[in-house]
Amino acid sequence: MVKLAEWRGKEVFRKYGVPLPRGHVARSAEEAESLVRAGTVPLPCVVKAQVLAGGRGKGGAVRFANTPEEARAAAGAILGLEFKGEKVREVLLEEKLAIGQELYLSIALDRALRLPVLIVSAQGGVEIESVDDAQIVRVPIHPFPGLAAYEQRRAVEALGLSGGPAKALPSLLAALWKAFNVEDAELLEINPLAVVGEGLVALDAKVIIEDDAGFRHPEYAEIRDDRTPLEEIAREKEIAFVQLDGNIGVIANGAGLTMATLDVLQELGGRPGVFLDLGGTDDPKKVTEAFLLMAQAAPKVVFLNIFGGVTRCDTVATGLVEAMKQVPEGQRFPIVARIRGNNEAEGTAILRAAGITSVPQLKDSAQAAVTISQGGRP
Ligand code: GDP
Ligand code: MN
């Protein structure tokens, strides 16, 4: 998942003809001021923190300026912020428009429907999660023909548009739909989509590009701002590794078993932190590498849940024991293991020799991990 900062998302929009305010990104207060003085950004203007988290408007990360000096001050203040844990390194300066109405519009991939869906609401400018479901209209989009004329009219109606803005919507939808396909997007969100005079303008942009289509888009390869440093290393080593905010490290193999393991821990009251999917490997070195990466995330306890298939139990056990030798004394953590399947007896024996007991029942082993994570003894 490649999440683009607003200004990058807007560059994508611009390429397809989605109407936008005039603006420019800046990386210092001085640069912000000179963009305004040069007329690149008209006054009055909006100065917006370029972070991936939402809710900037309410959080003081969107400010207004009437003079070049004010633009400089606003940019300086925002660039000094840490917004929801993310340091602000860039601000977007844009002309401030007189907004008639704030609407919501997005095209998203609906995994349950297995279709892209057009989502619209007349209640824009607030997070869509907080909008009453009755105020949201979802129109599944047939992937080949795209939106039919009557479906577009349904969107116009749902948004309560008439006159100029109503006439402007179909070409905006066509531009977004094209962008969604050509850019291999998972989500294109405009919130708010503003009625400005007789037209529509995208005031905000949230763009997420599908990772698996990365090979078709080398232009996005540089953008990795949403990964943690450890996730970055994991990616380079081709290890599937995700950091959540819990304290139980999870190592499993295969996406299905990994997700099910997270669910079980959660259900037992535990908080899964880092999880790592070993996938299919017969190389103990790869397991060691993955395990050392896990150690760097400093989990309170690690729950190893392996079903041996292509990845045999003894391969995992060997890799794990080797990794434990390499983890420095002060950074060790308890391990709860459950290894079943191919070469289970060999794997269990290797673990036992290293002082780790494999608990065969999922519920028992998961419960042990949760208990340890909460400071108890299993
Ligand atoms: P978010 O809160 O992180 O989603 O940031 P947005 O880009 O959506 O901006 C938050 C709010 O700032 C919007 O809902 C608008 O109310 C306001 N805003 C942004 N740009 C403009 C503008 O050009 N003119 C006016 N009047 N308000 C703006
Ligand atoms: Mn927004």
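Excluded from the calculations below are hydrogen atoms, water molecules and symmetry mates; all remaining heavy atoms, backbone and side chain alike, are included. Remember, it's 1-based here, ligands and their atoms both numbered in the order they're listed.
- Within ligand 1, the atoms closer than 4.0 Å to a non-hydrogen atom of E102 are 13 (C), 14 (O), 15 (C), 16 (O), numbered from 1 in the order shown.
- Few gaps surround CG on D132; more than 12 heavy atoms of other groups in view lie less than 6.0 Å from it.
- With distances taken over non-hydrogen atoms, the option nearest atom 27 (N) of ligand 1 out of L203, I99, I190 is I99.
- Of the protein's non-hydrogen atoms, L97 N, 3.0 Å is the one closest to atom 23 (O) of ligand 1.
- Contact annotation: for K58 versus ligand 1, there are no heavy atoms closer than 4.0 Å.
- Closest to atom 1 (P) of ligand 1, if we only count protein heavy atoms, is R56 N, 3.6 Å.
- Close approach of ligand 1 to K48 (heavy-atom distance below 4.0 Å) involves ligand atoms 6 (P), 7 (O).
- Heavy atoms from other residues, nucleotides or ligands lying under 6.0 Å from CD of Q374 number more than 12.
- Taking the ring centre of Y16 as origin, the terminal cationic atom of K178 falls outside the region bounded by 6.0 Å and 45° from the ring axis.
- With contacts defined as side-chain heavy-atom distances shorter than 4.5 Å, the pair R216/E210 does not qualify.
- For atom 6 (P) of ligand 1, the nearest non-hydrogen atom of the protein is D204 OD2, 3.5 Å.
- The protein heavy-atom contact nearest to atom 17 (C) of ligand 1 is F64 CZ, 4.4 Å.
- Polar contact check, K96 against ligand 1: no nitrogen or oxygen pair lies under 3.5 Å apart.
- The shortest non-hydrogen separation linking Q50 to L92 is NE2-CB, 3.3 Å.
- Taking atom 11 (C) of ligand 1 as the reference point, the nearest protein heavy-atom neighbour is G57 CA, 4.6 Å.
- Put simply, D204 gets within reach of the Mn ion (ligand 2), with an N, O or S atom under 2.8 Å from it.
- Atoms of ligand 1 lying under 4.0 Å from any heavy atom of E95, numbered from 1 in the order shown and given with element: 23 (O).
- When only interatomic distances are considered, the shortest N/O to N/O separation between N191 and ligand 1 falls below 3.5 Å.
- Looking only at atom types and distance, the side chain of T371 has a donor-acceptor partner in the side chain of Q367 under 3.5 Å away.
- More than 12 heavy-atom neighbours from other residues, nucleotides or ligands sit within 6.0 angstrom of CZ on F215.
- Note on ring orientation: taking the six-membered ring where Trp is involved, the planes of F144 and H142 are tilted (angle from 30° to 60°).
- Residues L203 and V46 have side chains not in contact (no heavy-atom distance under 4.5 Å, counting atoms from C-beta outward).
- Residue contact annotation: P21 has no non-hydrogen atom under 4.0 Å from ligand 1.
- Between N305 and R338, the side chains place a donor N or O and an acceptor N or O closer than 3.5 Å (distance only, hydrogens not considered).
- Per-atom contact check: atom 15 (C) of ligand 1 touches the protein, criterion being a heavy-atom distance below 4.0 Å.
- When only non-hydrogen protein atoms are considered, atom 12 (O) of ligand 1 lies nearest to V62 CG1, 4.0 Å.
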